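Everything numeric in this text was worked out from a predicted model, so none of it was measured.
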Amino acid sequence: YGLVALGLVLLTGVSGITSFGQAAFVGIGAYTTAVVTVHFGMSPWLGLVAGLLVNLALAAVLGVITLRLSGHYLPLGTICWSVSIYYVFGNMEMLGGQTGTMGIPAISVFGLSLDSGRSMYYLIWIVTLAALLLTQNLLESRPGRAMRALKNNQEMAENFGVNGARVKLAVFV
């Protein structure tokens, strides 16, 4: 949830892009990871990488289509994508329907199986803190300043050389 919150901070808080479809991307990553590990028998780590890559590709495609909307149409468009993805995934028997995929193997780190919330605690915090540091470094860089400029006044930022469409797409992805 911390990673999702960081993404929403970048998207909504920093860049000023209102999106209600972030939960759909969490689901896409989770289902991709589950399918790769359960149906193809690969490592959960490869499943996480596959989930990330599928999410990046789908977010880029949906972002190119959706970010052309402005005003209240943008949040409505993201709600539509989220609801449609929810219904598509809920009706796919390969994904387990509304109950989800069962039998997902536990992640292991250095031979230690992380099969409970208590055992995953440190891994979750390491990943979340690394993402927080990367986000902080991003916001202090030139692209981070471009993101902030888009929130205040997109036309002004574009007059100063910021490619507004590209930065918005990068933040969305």
Heavy-atom closest pair, residues [X] and [Y]:
X: Leu74; Y: Thr18; answer: CG-O, 3.7 Å
X: Ser19; Y: Gln22; answer: OG-OE1, 3.2 Å
X: Ser116; Y: Ser119; answer: O-OG, 2.9 Å
X: Gly96; Y: Thr99; answer: O-OG1, 2.9 Å

Distance-only check: which donor-acceptor pairs under 3.5 Å involve side-chain atoms of residues 126-135, not counting sequence neighbours?
| from | atom 1 | to | atom 2 | distance (Å) |
| --- | --- | --- | --- | --- |
| Thr128 | OG1 | Ile124 | O | 2.8 |
| Thr135 | OG1 | Ala131 | O | 2.8 |

Measuring from atom [atom1] of [X] to atom [atom2] of [Y], what distance do you get when rounded to the nearest 0.5 angstrom?
X: Ile17; Y: Met147; atom1: CD1; atom2: CE; answer: 9.0 Å
X: Asn163; Y: Lys168; atom1: CG; atom2: NZ; answer: 11.0 Å
X: Arg145; Y: Leu150; atom1: CZ; atom2: CG; answer: 13.5 Å
X: Leu62; Y: Ile85; atom1: CG; atom2: CD1; answer: 5.5 Å
X: Ser15; Y: Asn152; atom1: OG; atom2: CG; answer: 10.5 Å

Hey, does [Y] have a side-chain heavy atom less than 4.5 Å from the side chain of [X]?
X: Phe25; Y: Ile28; result: yes
X: Ser82; Y: Phe20; result: no
X: Thr78; Y: Leu11; result: no
X: Ile107; Y: Leu48; result: yes

- [ ] Tell me, with the steps shown, if Leu114 and Val109 meet side chain to side chain contact (heavy atoms under 4.5 Å, CB included).
- [x] CA-CA 7 Å; Leu114 305 178; Val109 177; 3.6 Å; yes
Do [X] and [Y] share a hydrophobic cluster (ILVMFWY, side-chain heavy atoms under 4.5 Å, transitive)?
X: Leu6; Y: Val4; answer: no
X: Val83; Y: Val88; answer: no
X: Val9; Y: Trp125; answer: no
X: Leu52; Y: Leu3; answer: no
X: Tyr86; Y: Met92; answer: no

Task: Check: Leu95 main-chain N/O paired with Thr101 side-chain donor or acceptor under 3.5 Å - done: yes
Open item on the list: Please check: side-chain N/O of Ser113 versus main-chain N/O of Ser108, any donor-acceptor pairing under 3.5 Å?
Closed with: no
Open item on the list: Which Ile, Leu, Val, Met, Phe, Trp or Tyr residues join Phe160 in one cluster when any pair of side-chain heavy atoms under 4.5 Å counts as a link?
Closed with: Met156
Mind listing the side-chain donor-acceptor pairs of residues 34-44 below 3.5 Å, one per line with the distance, residues two or more places apart or on another chain?
| from | atom 1 | to | atom 2 | distance (Å) |
| --- | --- | --- | --- | --- |
| Thr37 | OG1 | Thr33 | O | 2.9 |
| Thr37 | OG1 | Ala34 | O | 3.2 |
| His39 | NE2 | Met94 | O | 3.0 |
| Ser43 | OG | Trp45 | N | 3.1 |

Task: Residue list, side chain to side chain donor-acceptor pair (under 3.5 Å) with Thr66, at least two apart or on another chain - done: Trp81
TODO: Apply side chain to side chain contact (heavy atoms under 4.5 Å, CB included) to Arg148 and list each qualifying residue two or more places apart in sequence or on a separate chain.
DONE: Val14, Leu139
TODO: Just jot down the ring-ring contact (aromatic ring centres under 6.0 Å, His included) partners of Phe89, sequence neighbours excluded, or say none.
DONE: Tyr31
